[in-house]
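One structure coming up, written as structure tokens, with questions to follow.
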Amino acid sequence: MKFNFENLDQTIRQLMINEMNFDIQNNKLYLSKRFNNNGQEKFKDLLKQSLESGDEQTLAVSLKNNNCFKSQEERKTKTGTSLVKVL
């Protein structure tokens with residue numbers, strides 16, 4: 001289900017971009033542990049594109065289409081760790 005951003009206009013979008021840039025400059029932009037190297041590299045640009053003219057769905061599609069997520073994750077088990085496929 002898509003979010004309904006009632007007040008999302010160019011002014012709000014610019015404020016969001018300013019906040020993202022501030023986070024980047026201060027090394028505070030959150031990067032998911034589920035990103036692969038490609039995701040770590042591309043997230044900033046994909047996020048900025050979505051902030052400029054998209055929404056949460058365009059960001060999700062961009063991340064998926066640009067192969068930004070790991071195909072496997074480590075899971076802790078009683079006997080150590082194992083790799084599991086991410087769907």
query: Any side-chain heavy atom of Leu8 within less than 4.5 Å of one from Met16?
result: yes

query: Got a donor-acceptor contact below 3.5 angstrom from the Arg13 side chain to the Gly54 backbone?
result: yes

task: Please answer: with hydrophobic residues joined when any side-chain heavy atoms are less than 4.5 Å apart, are Phe35 and Val61 in the same cluster?
output: no

- prompt: Could you state the interatomic distance from NZ (Lys64) to CG (Asn66), rounded to the nearest 0.5 Å?
  reply: 12.5 Å

field: Gln40 and Asn36: side chain donor to acceptor below 3.5 Å
entry: no

- request: With the side chain counted from C-beta on, respond yes when Glu56 and Phe5 share a heavy-atom pair under 4.5 Å apart, and no when they do not.
  value: yes

message: More than 12 heavy atoms of other residues, nucleotides or ligands under 6.0 Å from CZ of Phe3: yes or no?
response: no

query: Are the side chains of Asn38 and Phe69 in touch, meaning some heavy atoms are under 4.5 Å apart?
result: no

Approximate separation, where rounding is to 0.5 Å, of Ser82 OG and Gln72 CD: 10.0 Å

message: Given 3.5 Å as the limit, does a donor-acceptor pair link the side chain of Asp9 with the main chain of Thr11, or not?
response: yes

- prompt: With side chains defined as the heavy atoms from C-beta onward, is the minimum distance between Gln57 and Lys2 less than 4.5 Å?
  reply: yes

message: Does atom CD (Glu19) have a neighbourhood of more than 12 heavy atoms from anything else shown, all under 6.0 Å?
response: no

field: Gap between atom CZ of Phe43 and atom CG of Leu59 - 0.5 Å precision
entry: 6.0 Å

field: Spatial distance of atom NZ (Lys33) from atom CD (Glu73) [nearest 0.5 Å]
entry: 9.0 Å

message: Within the supplied structure, the quantity of interest is the number of heavy atoms (other residues, nucleotides, ligands) at a distance under 6.0 Å from Asn37 CG; does it exceed 12?
response: no

query: If you group Ile, Leu, Val, Met, Phe, Trp and Tyr by side-chain heavy-atom gaps below 4.5 Å, do Ile17 and Leu63 land in one group?
result: yes

message: Do Met20 and Leu15 land in one hydrophobic cluster if side-chain heavy atoms of ILVMFWY residues count as linked below 4.5 Å?
response: yes

task: Flag the pair Glu74 and Lys76 as a salt bridge only when some basic side-chain nitrogen lies within less than 4.0 angstrom of an acidic carboxylate oxygen.
output: no

task: First locate atom CG of Asp45, then atom OG of Ser50, and finally report the distance between them rounded to the nearest 0.5 Å.
output: 11.0 Å

message: Has Asp23 got a side-chain atom pairing as donor or acceptor with Lys28's backbone, closer than 3.5 angstrom?
response: no

Nearest-0.5 Å distance that lies between atom NZ in Lys42 and atom CG in Leu47: 15.0 Å

